[in-house]
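When reading the values below, keep in mind they use all heavy atoms of this one structure, side chains included, and skip hydrogens, waters and symmetry mates. Throughout, protein chains are lettered first and strands after them, A, B, ... in sequence-line order, and every chain is numbered starting at 1. As the structure is a computational prediction, the values presented were derived from the model and not from experiment.
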Amino acid sequence: MSDHEKPGPGNFIRTIISEDLAGGKHQRVVTRFPPEPNGYLHLGHAKSICLNFGIAREFTDKMTLARCHLRFDDTNPSTEEAAYVEAIREDVLWLGFDWGEHLYFASDYFTTLYEYAEHLIKNDQAYVCDLSAEEIRATRGTLTTAGRDSPFRHRSRTENLDLFRQMRAGAFADGTRVLRAKIDMAAANLNLRDPVLYRIIHRRHHRSGDKWCIYPMYDYAHPISDAHEHITHSLCTLEFADHRPLYDWFLANLPVPCRPRQIEFARLNLGYTVLSKRKLQQLVNEGCVSGWDDPRMPTLAAVRRRGYPAAAIRNFCDKIGVAKKESLVDLSLIEHCVREDLNENAVRVMGILNPLKVIINNYPTGQSEELIAQNHPQKPEMGTRLLPFGREIYIEREDFMAEPVKNFFRLAPGQEVRLRYAYFIKCREVIKDEQGEIIGIICSYDPATIGGKAPDGRRVKGTIHWVAADRAITAELRLYDRLFTVENPEKAAAAGAVLKDFINPESRVTLQGCRLEPSLADARLDQHYQFERQGYFCLDRQDSQPQHPVFNRTITLRDTWEKIKAR
RNA sequence: UGGGGCGUCGUCAAGCGGUAAGACACAAGACUUUGACUCUUGCAUUCGUAGGUUCGAAUCCUGCCGCCCCAGCCA
């Protein structure tokens with residue numbers, strides 16, 4: 001008994017596949033991920049990619065090789081572009097999946113699809129209809145009333161064939177005729193009321209060029225493409241459930257090599273963002289974000305730029321599960337996955353977001369030294385680095401309070417803290433400008449506490465991060481927060497408002513003049529960094545320059561202090 | 001009012017007739033040279049609801065209620 005025959009844990013799709021395998025319906029599993037190249041992939045697609053490729057991986061063993069195809073659903077040249085194809089391939093690869101030899105395009109099947117259409121015509125199961133789009137709509141009927149037959153429904157096969165061939169030859173203008181399946185204008189399922197199979201679009205296709213001027217509809221192309229690739233399980237989202245009878249109708253009425261089974265699952269919805277290409281396109285078009293890869297966007301290109309590891313997204317997709325219930329997943333779940341990965345892999349460094357100068361008055365002027373810091377406290381194998389220290393340093397403005405609140409155990413007048421990996425310092429004096437603004441503080445340090453250890457065993461409650469003033473590098477830091485102010489922006493916008501109204505004005509805050517420890521001058525694009533006590537950061541792949549480094553904050557560290565403070 | 005789908009903890013989600021997994025969130029505590037991490041503990045007598053079948057029901061049956069999708073020559 002192979003592993004296949006055990007019912008898969010959890011989701012209903014794995015259960016179905018296991019049963020199909022156990023019942024001998026299939027020897028191997030073949031799935032596919034079928035993006036349309038008309039936009040960028042987002043986290044919702046990641047769910048589908050992980051599901052489809054994950055199943056292929058899971059149902060592969062020594063005896064049987066399961067696989068997942070990458071197929072571009074490029075049946076509509078008016079919205080699709082080759083550039084998207086490249087971006088999508090990159091995204092899938094980045095996510096960690098490989099289609100191997102199995103890269104396909106629906107456009108590869110245009111000839112087959114056309115021949116099948118003639119087959120339907122010859123069987124009196126399809127006809128050329130001269131009605132306009134408006135007329136077709138008007139005769140389709142409503143949810144509760146049947147549609148009316150098109151006056152062209154009873155053309156002869158010969159006439160249909162001739163007309164269809166003329167359509168293909170470019171004899172007609174866009175929108176003047178379509179090929180329709182002849183099914184049932186009274187069907188309760190609107191998809192069966194003589195659906196359009198082919199429409200005329202005189203437009204250059206990114207792959208087939210000007211070879212065609214008629215293009216197949218999704219409903220028609222999809223089942224045939226699946227069948228020709230010997231897909232066993234065609235997974236799609238819930239809104240296609242109504243299309244399944246049509247999917248099956250084509251498979252039953254055409255000489256296809258096999259009959260794939262369509263199974264629907266619920267699409268992903270994530271809190272405080274939108275996961276629909278149309279809506280994302282809108283944000284880009286309206287200038288709400290800087291582009292498809294603006295780090296606040298939920299696109300794969302954006303989260304990659306922001307610093308979300310691919311492994312974290314895969315883990316997230318595992319955790320959310322697959323079901324038919326429409327749900328809204330907590331943003332905190334993906335954040336947890338990102339932190340979990342980054343905590344493990346990010347190199348620890350120190351960086352000051354809002355610098356406050358500290359002068360250590362008993363540290364000899366002109367003296368400096370190098371102190372040893374660990375790159376990851378829990379992983380000594382990640383090594384150490386040297387941190388320059390001197391008389392003048394910067395600390396985080398937030399780590400000093402002239403009038404400390406209760407339980408504030410960082411720096412305050414007379415209070416002692418540890419400078420991470422350095423010394424204990426005590427605040428002696430506050431320097432203010434004419435406006436009374438604090439511009440620096442004067443502290444004393446205890447040389448005996450070098451490395452941050454107290455030989456006398458005395459304890460300090462706070463440890464803060466710092467950088468040496470003269471050796472720090474200056475950088476721009478971009479802090480990101482949730483894109484929207486409401487958890488369910490689509491729902492909020494449906495209630496009369498527009499999406500734009502719910503954009504979080506603080507979703508991006510740019511900080512200039514941040515001071516970072518000198519090791520960051522050699523920061524690499526593929527490395528994640530934890531700025532201790534602040535969060536995880538990575539170099540921005542678009543805007544960072546050697547002379548002007550730009551870091552994106554991937555995510556903050558969990559902040560219990562925020563909660564304590566709020567009480 | 002037609003058709004399709006769905007209702008299990010705040011959020012996801014197992015469960016498939018034998019007496020409610022797990023994760024996130026949250027709360028309390030321990031540890032701590034990151035108020036991070038880690039650890040420990042707590043968190044659905046109840047599965048939309050009302051009946052029925054059964055020794056036994058979240059699981060089977062019936063009614064009701066609620067939510068989502070469908071009238072593109074988009075996918």
[N] phosphate, OP1 or OP2: any side-chain N/O from [X] under 4.0 angstrom?
X      : N     : result
A/K325 : B/C67 : no
A/R410 : B/G35 : no
A/R348 : B/U34 : no
A/S327 : B/U11 : no
A/H336 : B/C24 : yes

[X] side-chain proximity, nearest of [options]:
X      : options             : result
A/R459 : B/C26, B/U32, B/A13 : B/U32
A/E532 : B/U34, B/G4, B/G35  : B/U34
A/T144 : B/G35, B/U1, B/C24  : B/U1

What's [X] touching, base or sugar-phosphate or nothing? Going by heavy atoms closer than 4.0 Å.
X      : value
A/R339 : nothing
A/F424 : nothing
A/K563 : sugar-phosphate
A/F409 : base
A/V460 : nothing
A/P245 : nothing

request  = List the protein contact pattern of nucleotides 69-75 of chain B with one symbol per nucleotide (5' to 3'): B for base contact, S for sugar-phosphate-only contact, - for none; contact means a heavy-atom distance under 4.0 Å.
outcome  = BBBSBSB

query = Between the side chains of A/R267 and A/T237, does any donor sit under 3.5 Å from an acceptor?
reply = no

message = Using a strict heavy-atom distance below 4.0 Å, which residues from residues 328-335 of chain A are in contact with RNA chain B?
response = A/L328, A/V329, A/D330, A/S332, A/L333

message = Counting distance alone, no hydrogens or angles: does the base of B/U34 have a donor or acceptor under 3.5 Å from a partner atom on the side chain of A/Q530?
response = yes

Atom NZ of A/K461 with >12 non-hydrogen neighbours under 6.0 angstrom = no

message = Can you see whether A/Y114 has A/R168 sitting over its ring - NZ or CZ less than 6.0 Å from the centre and within 45° of the normal?
response = yes

key: All side-chain contact (heavy atoms from CB on, under 4.5 Å) counterparts of A/Q282, not counting sequence neighbours   = A/R278, A/K279, A/E286, A/L499

